Amino acid sequence: MSVLEILNDKQKEAAGQLEGPVLILAGAGSGKTRVLTNRTAYMIDEAGISPWNILAITFTNKAADEMRERIDRLVGQGCESIWVATFHSTCVRILRRHIDLLGFDNNFTIYDTDDSKSVIKEILKRREVDSKQYPDKRFLNWISSCKNELSSPEDEMEEALGDYTDELYAKVYKDYQDALRKNNALDFDDLIMKTVELFKAFPEVLENYQNRFLYIMVDEYQDTNTAQFELIRLLADKNKNICVVGDDDQSIYKFRGANIRNILDFEKVYPNAKVIKLEQNYRSTQTILDAANSVISNNSSRKPKSLWTDRGEGEKIRFINTDTAYEEAETIVDMICREKRAGKCEYRDNAILYRTNAQSRILEEKCIMAGIPYSVVGGVNFYSRKEIKDILAYLKTIDNGKDDLAVRRIINVPKRGIGATTIGKLADYGTEHGLNFYDCCIRAEEILGHGKAADKISEFVSLIGLFKSKLEFITIEQLINDIVDRTDYEEMLTESDPDDAAERMENIGELINKAVSFEEQTDEPTLSQFLEEVALVADIDNVDENADKVMLMTLHSAKGLEFPNVYLAGMEDGLFPGFMSICSDDETEIEEERRLCYVGITRAMNRLTISAARSRMIRGETQYNAVSRFVKEIPDELFEGRGPVRPSKEEPVRKFEYSTPGAATRKTAPATSTPSRPVVAPKPFIARATAFTSLKKGADIASAAAPDYGPGDRVSHMKFGAGTVLNVEKGARDYEVTVDFDGFGTKKMFAAFAKLSKI
DNA sequence: CGTACTAGTCTTTTT
DNA sequence: GACTAGTACG
């Protein structure tokens with residue numbers, strides 16, 4: 001029987017079309033992974049294509065592993081030679097072979113965002129750039145988007161046309177690239193950009209890969225940025241056998257350069273492309289799909305499509321509206337508890353999804369209190385924890401002394417009496433003579449002269465030398481243990497914070513576990529390879545679906561996953577959609593948020609629960625938010641009970657009962673004592689958008705004049721209409737005004753932006 | 001040279 | 001509220 005037999009007609013069509021450009025528009029839950037895997041199996045088993053000629057690219061390691069596993073199950077032989085990898089690891093593999101052509105050392109290190117930030121900081125310091133006026137983060141983001149658009153420092157310099165600020169950016173970009181090159185390092189964006197650069201500069205290298213990759217597949221195509229698009233275009237240019245799978249409605253990575261036009265304009269780039277839509281959903285109930293469809297249909301720039309299922313109507317959507325975020329968390333956790341106790345589900349069937357990582361804390365707390373096993377995906381990346389970064393810095397130093405950042409990170413960790421002055425002297429010498437920091441350490445005596453400082457440095461150098469000499473005889477596991485022992489690392493942890501030393505040591509233990517399994521799985525494991533693998537893991541890669549735990553994660557992390565029960569928490573205007581997107585004039589920002597909402601809804605298989613809190617603490621301030629506009633885009637009849645009632649246009653807009661001056665200053669109620677409550681009957685609330693005035697960065701608000709209104713005055717605002725001033729406070733740069741708007745609740749805003757006028 | 005306190009920022013999402 | 005960077009002091 002053909003591997004295509006089990007597919008539906010559309011899927012079959014998509015999987016059977018091997019030649020030429022193919023665009024598969026795969027709606028959520030329409031079985032796109034199945035199409036990709038069966039397509040691959042069909043290529044190998046039935047079309048006689050060599051696995052060696054197939055390239056499949058994904059965004060996460062998890063997706064790549066899953067794809068490989070599933071192909072393995074379908075095809076007996078030869079799958080190991082299929083190239084299934086993420087964009088980033090594909091590029092690393094290519095660059096490891098050829099980057100010397102671009103003047104880098106082939107054992108380059110990969111910098112994560114933290115590393116990049118340190119480099120930028122140093123450059124800004126050296127250039128004496130005012131970090132108040134130009135925060136380092138802005139340079140970081142700016143450089144990243146340049147790279148995503150394949151624009152070099154030289155391009156940017158040209159484009160600056162003598163403009164001071166633009167030239168400053170271009171110069172910093174140039175410095176940054178020079179620093180990376182000196183450290184023999186590439187950042188995430190470089191991996192893609194340098195590969196494209198390589199292919200363009202050395203057509204014979206490109207051709208080599210074109211001849212190998214006769215059939216190319218790209219998953220999650222809607223998330224590709226310009227650089228990734230170009231990479232794929234180059235690779236596919238000779239044979240044009242390119243099959244991309246994606247869903248424009250699930251494009252949620254604009255902030256990191258994803259260009260939705262890549263998928264919307266695929267047919268323009270490849271006019272003879274075959275386009276196939278997969279609209280039958282195998283995951284969710286009709287109710288859930290109806291909700292998803294009704295939300296996403298409010299977006300304008302999308303390819304029209306509508307998901308359907310034969311799974312039947314299923315259960316209605318639940319809606320919870322609580323007074324505080326604590327009660328929200330408690331209600332959700334309580335629901336999961338009950339259902340588990342009633343034997344209706346396992347813990348692992350439940351996922352709580354939210355917009356921002358900050359929301360996880362309260363949910364986590366409530367899970368602990370209820371004794372529910374849970375697992376939080378994301379937040380602080382495992383590999384960005386201090387202790388892990390320290391150990392990795394040791395490993396990097398041992399592996400490749402060229403990485404100045406790594407060396408400087410650990411030269412005095414644990415404390416060995418090497419101070420800032422000494423480090424500064426060595427670093428300055430290095431910049432002057434074009435030497436790496438570690439090389440300067442080796443010549444410490446020459447640079448610093450005889451003395452205590454030089455001795456200390458020598459001790460450090462011989463410690464690293466000792467590890468280096470052992471490297472070929474011991475495993476990475478032994479090496480890490482050795483580092484921890486010889487540096488008295490644990491002692492340092494205990495001294496600095498006895499309470500979490502144990503946890504930090506556990507994390508190091510976890511790193512050792514990773515090392516062990518890496519060494520087991522790899523033929524000839526090297527330290528460089530290990531460091532590389534570690535650099536390219538995402539949080540989602542380590543998710544274990546088999547553990548019986550409730551999953552807590554952001555909506556972004558949830559993409560590609562499915563759960564029987566999904567809880568969408570914090571569905572409030574100002575949080576989701578975020579206030580940035582509400583305030584923005586750019587309509588596409590709200591559309592991106594809406595797509596994110598669509599992704600969230602479509603994660604649910606059987607039951608969807610949506611919740612919102614009337615008040616919550618954000619950045620130490622209590623905010624009062626209206627229920628998310630997205631919730632109101634879902635028809636009432638899909639909700640259990642009457643649903644979130646929307647007021648008719650004529651109906652006078654009512655105030656929240658908590659939007660009173662007294663409530664504004666009231667501490668959030670301790671939620672511990674509140675008994676778990678049933679789903680709160682939705683109350684009529686205000687339908688229109690609420691927004692917070694955002695303090696635009698870089699805006700000039702140096703001298704704010706005192707406002708002409710005070711507490712008790714009635715004022716009017718462009719967006720929120722009339723309201724009563726509760727408080728006026730002199731802030732750092734501007735007057736902060738608290739206003740209780742009729743129908744929008746209490747807002748805190750900056751006078752310069754709010755443009756309030758007295759009535 | 002190392003520590004302790006203070007002020008300022010942050011929050012959208014991540015390979 | 002939490003974390004970080006920068007500063008003042010021992």
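In what follows, chains carry the letters A, B, and so on, assigned in the order in which the sequence lines appear, proteins first and then strands, with residues in each chain numbered from 1. Keep in mind it's a predicted model, so treat the numbers as computed, not measured.
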Assign A:Glu592 to base, sugar-phosphate, or nothing according to its heavy-atom contacts below 4.0 angstrom with the strands shown. nothing

It should be established whether A:Lys137 places a side-chain nitrogen or oxygen under 4.0 Å from OP1 or OP2 of nucleotide B:dC10. no

What is the distance, to the nearest angstrom, from the CG atom on A:Asn357 to the P atom on B:dT11? 11 Å

To the nearest angstrom, the CZ-P distance between A:Phe579 and B:dT11 comes to 10 Å

What is the distance, to the nearest angstrom, from the CD atom on A:Glu589 to the P atom on B:dT13? 15 Å

I'd like a list of close polar pairs between nucleotides 4-8 of chain C and the protein, N/O only, cut-off under 3.5 Å.
from	atom 1	to	atom 2	distance (Å)
C:dA5	OP1	A:Lys121	NZ	3.1

Would you say the ring centers of A:His556 and A:Tyr354 fall short of 6.0 Å from each other? no

Report yes if a donor N or O on one partner sits less than 3.5 Å from an acceptor N or O on the other, where the partners are the side chain of A:Arg355 and the base of B:dT13; otherwise report no. yes

Does A:Thr113 reach a base, just sugar-phosphate, or nothing at all? Heavy atoms under 4.0 Å. base

Distances for protein N/O vs nucleotides 2-8 of chain B N/O pairs under 3.5 angstrom?
from	atom 1	to	atom 2	distance (Å)
B:dG2	OP1	A:Gly417	N	3.4
B:dT3	OP2	A:Lys415	NZ	3.4

In whole Å, I'd like the distance from the CZ atom of A:Arg361 to the C1' atom of C:dA2. 9 Å

Flag the pair A:Lys396 and A:Asp115 as a salt bridge only when some basic side-chain nitrogen lies within less than 4.0 angstrom of an acidic carboxylate oxygen. yes

Cut-off 3.5 Å, side chains only: do A:Asp403 and A:Tyr111 have a donor facing an acceptor? yes

Whether over 12 other heavy atoms sit under 6.0 Å from A:Glu490 CD: no

With a 4.0 Å limit, can you tell me whether A:Thr60 has a side-chain N or O closer than that to the phosphate oxygens OP1/OP2 of B:dT15? no

Please determine if A:Arg256 forms a cation-pi arrangement with A:Tyr253, meaning its NZ or CZ atom is less than 6.0 Å from the six-membered ring centre and no more than 45° off the ring axis. yes

Atom NZ of residue position A:Lys254 - does it have more than 12 heavy atoms of other residues, nucleotides or ligands inside 6.0 Å? yes

Of the nucleotides B:dC1, B:dT14, B:dT15, which has the atom closest to the A:Tyr253 side chain? B:dT14

Under 4.0 Å, counting only non-hydrogen atoms across every strand here, what does A:Asn61 touch: a base, just sugar-phosphate, or nothing? nothing

Grab the CD1-P distance between A:Ile362 and C:dA2 for me, whole Å please. 11 Å

Looking for any heavy atom pair under 4.0 Å, which part of the strands does A:Phe59 touch: base, sugar-phosphate only, or nothing? sugar-phosphate

Give a yes/no verdict on base stacking between B:dT13 and A:Phe255: centres under 5.5 Å, planes within less than 30° of parallel. yes

Pairwise distance OG1(A:Thr554) to CD1(A:Ile352) - rounded to 0.5 angstrom: 13.5 Å

Carboxylate-amine/guanidinium contact A:Glu572 A:Arg616, below 4.0 Å: yes

Would you please say whether a donor-acceptor pair under 3.5 Å links the side chains of A:Thr226 and A:Asn148? no

Touch check for A:Ser581, heavy atoms < 4.0 angstrom, all strands: base, sugar-phosphate only, or nothing? nothing

In whole angstroms, the gap separating C1' of C:dA2 from CD1 of A:Ile618 amounts to 15 Å

Closest to side chain of A:Met580, choosing from B:dT12, B:dT14, B:dC1: B:dT12

Cationic tip of A:Arg603 above A:Phe563 ring, under 6.0 Å, 45° of axis: no

Between P of B:dC1 and NZ of A:Lys456, the distance in whole Å: 9 Å

Whole angstrom is fine here: how far is it from CD in A:Gln359 over to P in B:dT13? 9 Å

